[in-house]
Amino acid sequence: MTALTQNIRLRIAPSPTGDPHVGLAYVTLFNYVFCKQNNGKLVLRIEDTDRERSKPSSEANIMSSLKWLGLNWDEGPDVGGPYGPYRQSERQAIYQQHVQQLLDAGKAYRCFCSSARLDTVRTEQRAKGLTTGYDRHCRELPAASAPASAPFVVRMKVPLEGRTDFVDTLRGVISIDNHQVDDQVLLKADGFPTYHLANVVDDHLMEISHVIRAEEWISSTPKHVLLYAAFGWKAPVFLHMPLLRNPDKSKISKRKNPVSLTYYQRKGILPAAMLNFLALMGWSYSETQEIFTVAEMQEKFILEKIHLGSPIFDLQKLLWLNQHYLQLVGEDEFVTTLRQQVFSDSYLRKLYPLLRTRMDCWESFVEKADFFFTGALQYQGLAICPTSMPQADFSKGMESLLLVLDEVYEWNSATLEAVLNQHRESLQWKPKDYFMPLRLIVTGRKDSPPLTETLEVLGREMVRFRIRDYLKNF
RNA sequence: GUCCCCAUCGUCUAGCCUGGCCCAGGACACCGCCUUUUCACGGCGGCGACGGGGGUUCGAAUCCCCCUGGGGACGCCA
């Protein structure tokens, strides 16, 4: 490593648009370890340029999840630092100024196309089997040809010829034809920058030396390289981590796998286990030893040794590691953690109104409230209702089912019907039966609190996979 | 569809760069046995992979090419 000839500065750049994601923890871990190993600085930068989706609560959760894992940063919105502000929404002036610079240099242009027009163009391109992208309609528009008040975006003027090459530390040279690179929007109509602009400008201004990010960014790296060149800047070193996968090998998603760090924290996965597990996804400590700490990883880690095959996030192995770490827990920690995390005051208070009238002695709490701790819901009665059956009789059951599926699993009646159709044969359905064929009551137990309250206390992600597994095994 | 990336047991991986020590090593899961008054932990063992085809070479999991397969990107989301 060339640690002495260069300041190592890494960054993690989450977008605060949802629950803290395991993918973030994964990428952060590798950034963190490489950083520490080289006496570098780790920057946390909040990429909140999507005004619609960014939420302060999400930002807070991301930070607390990373802290939970012990992945601390040296500079960030909460701790400050010499390169701030560290929230992109607070850096507007900087982006405006840089966009103007590109405009002046003729390396970007204003585009007045409506999204409707863009949609049409894309549809046509798709129909012809072409790469979809902007047709550069406004690229050569004379500067004064549009009314000053017309809404516009600023697009990058990508070279029409040639190729753009860059080096990925793990993969070597990657070369992409400029025809494949879109005239990317840099500044949106609302004046906010897109990821591509903000990311490049900030990485440069914050003197980031190595960009370690997920593989999904490979195909937009040429845009970034082109931008660095347009500004006359030196690009950082790029390294793309393999993507975590669902069991079906698709990119890990909450639809198919629990992905929220909050979920794992609450479930009772220990940070050490999670970190150890994540480290194993693409890297190995030694030929025989699989259990190791972050500190040990730091000693032996070699960036270039990251394995490129995209690993499947395997809950079983996580749990095995966790069991191992749990065995190391001392008696005091056992008592304290259980009190704080599982039987916390706040959780018990939530349960109070639901359990109070259902218990007949203190001991019965365990029996009556078990599913509030395991998430193990019971499913009572899955019935096929002939279409002749009065609508009202099962509409209630249907309602709760759809509520669960829509709210918890983001399903709708169409996907539900598809699932049901898969089981059509084993259910011996007649075609006329599957119009409204199902009644499913999902609750904790027979005498349990109402579904809505149950869901609220348990949390959606906890329930989501129970239902999925249930339907799958049916 | 176009472009890009990837390819060792069901899963995570070691080996690949610097061909021979690999008829491929470890771990999870699974199965069996031992230990244990139960269960778990622990110990021992079993099952199980170099996607296919061409090269190069005395020799290929390792190097090259093609095919196939998987994935990602193609947004005024990141």
Side-chain angles (χ1 to χ4, degrees), chain A residues 13-18 21 23-24 46-54 88 111-115 117-119 121-122 125-134 151-155 163-164 166 168 170-182 184-199 213-223 240-252 276-291 304-324 326-327:
Chain A
S15 171
T17 53
H21 199 279
L24 173 67
I46 301 295
E47 309 228 320
D48 54 350
T49 55
D50 186 336
R51 287 205 282 183
E52 304 269 293
R53 299 198 301 151
S54 294
Q88 291 187 328
C111 165
F112 300 88
C113 293
S114 66
S115 9
R117 176 170 188 280
L118 262 25
D119 284 345
V121 170
R122 263 191 286 271
Q125 286 167 333
R126 230 181 292 273
K128 287 183 198 158
L130 301 166
T131 306
T132 53
Y134 183 52
F152 64 88
V153 301
V154 175
R155 285 181 183 275
R163 304 181 72 82
T164 299
F166 63 94
D168 177 281
L170 263 20
R171 288 162 256 256
V173 177
I174 295 176
S175 170
I176 295 177
D177 196 311
N178 288 340
H179 290 297
Q180 294 292 328
V181 184
D182 203 4
Q184 185 61 46
V185 171
L186 302 176
L187 201 68
K188 306 182 233 180
D190 64 3
F192 273 66
T194 58
Y195 168 87
H196 305 284
L197 197 248
N199 193 266
R213 55 162 36 156
E215 189 178 5
E216 57 191 332
W217 293 110
I218 287 183
S219 35
S220 39
T221 304
K223 291 171 185 171
H240 294 92
M241 295 291 299
L243 241 27
L244 261 20
R245 306 292 180 94
N246 296 313
D248 69 359
K249 295 190 176 176
S250 56
K251 181 167 91 166
I252 195 166
N276 195 155
F277 175 67
L278 256 14
L280 252 15
M281 308 267 91
W283 187 74
S284 65
Y285 181 78
S286 77
E287 254 190 72
T288 50
Q289 188 182 340
E290 300 217 295
I291 290 170
E304 291 79 2
K305 288 275 185 180
I306 293 171
H307 189 251
L308 283 177
S310 297
I312 289 169
F313 193 91
D314 178 11
L315 276 319
Q316 257 177 342
K317 190 141 185 180
L318 207 213
L319 253 12
W320 170 76
L321 276 164
N322 204 50
Q323 182 176 25
H324 171 84
L326 238 18
Q327 287 182 53

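All of these numbers come straight from a predicted model, not from anything done at the bench. Every chain is numbered from 1, with letters handed out A, B, ... down the list of sequences.
Rounded to a whole Å, the CG atom of A:L280 is 12 Å from the C1' atom of B:rA14. Following rounding to the nearest Å, A:N246 (CG) and B:rG71 (P) show an atom-to-atom distance of 11 Å. Rounded to an integer number of Å, the gap from A:H240 NE2 to B:rA78 P is 17 Å. Protein atom NZ of A:K251 is 20 Å distant from nucleotide atom P of B:rC4, rounded to whole Å. Going from atom OH of A:Y195 over to atom P of B:rA73 covers 13 Å, rounded to whole Å. Rounded to whole angstrom, the span from the CZ atom of A:F166 across to the P atom of B:rC5 amounts to 8 Å. As rounded to whole Å, 16 Å separates atom P of B:rC6 from atom CD of A:E216. Atom P of nucleotide B:rC4 and atom CG of A:N178 are separated by 12 Å, given to the nearest angstrom.
Across all strands shown, the partner of B:rC63 is B:rG55, judged by Watson-Crick or G-U wobble contacts whose two distances both fall under 3.5 Å. Using the Watson-Crick or G-U wobble rule with both distances under 3.5 Å, B:rA49 pairs with nothing in any strand shown. Nucleotide B:rG42 forms a Watson-Crick or G-U wobble pair with B:rC34, both donor-acceptor distances falling under 3.5 Å. Using N1 to N3 plus N6-O4 or O6-N4 for Watson-Crick, or N1-O2 and O6-N3 for G-U wobble, each under 3.5 Å, B:rG69 pairs with B:rC6.
Distances shorter than 4.0 Å separate none of the side-chain N or O atoms of A:R122 from OP1 or OP2 on B:rC74. The phosphate of B:rA78 has OP1 or OP2 within less than 4.0 Å of a side-chain N or O from A:K188.
Rounded to a whole angstrom, the distance from the C1' atom of B:rG69 to that of B:rC17 is 25 Å. Nucleotides B:rU68 and B:rG32 have their P atoms positioned 43 Å apart, rounded to a whole Å. Remark: the separation of the P atoms in B:rC4 and B:rG25 is 37 Å, to the nearest Å. Rounded to a whole angstrom, the distance from the P atom of B:rG52 to that of B:rA7 is 15 Å. B:rC16 sits 10 Å from B:rC63 when the C1' atoms are compared, rounded to a whole Å. With C1' as the reference atom, B:rU56 and B:rU62 are 13 Å apart, rounded to whole Å.
Between A:K249 and A:Q180, the one whose closest nucleotide on RNA chain B sits nearer the 5' end is A:Q180. Closest-nucleotide positions on RNA chain B for A:S286 and A:V153 were compared, and the one nearer the 5' end corresponds to A:S286.
A donor-acceptor pair under 3.5 Å is formed between the side chain of A:D50 and the backbone N or O of A:E52. When atom types are taken as modelled, the side chain of A:R122 and the backbone of A:T132 share no donor-acceptor pair closer than 3.5 angstrom.
Taking 4.0 Å as the cut-off between side-chain N and carboxylate O, A:R171 and A:D168 count as a salt-bridged pair.
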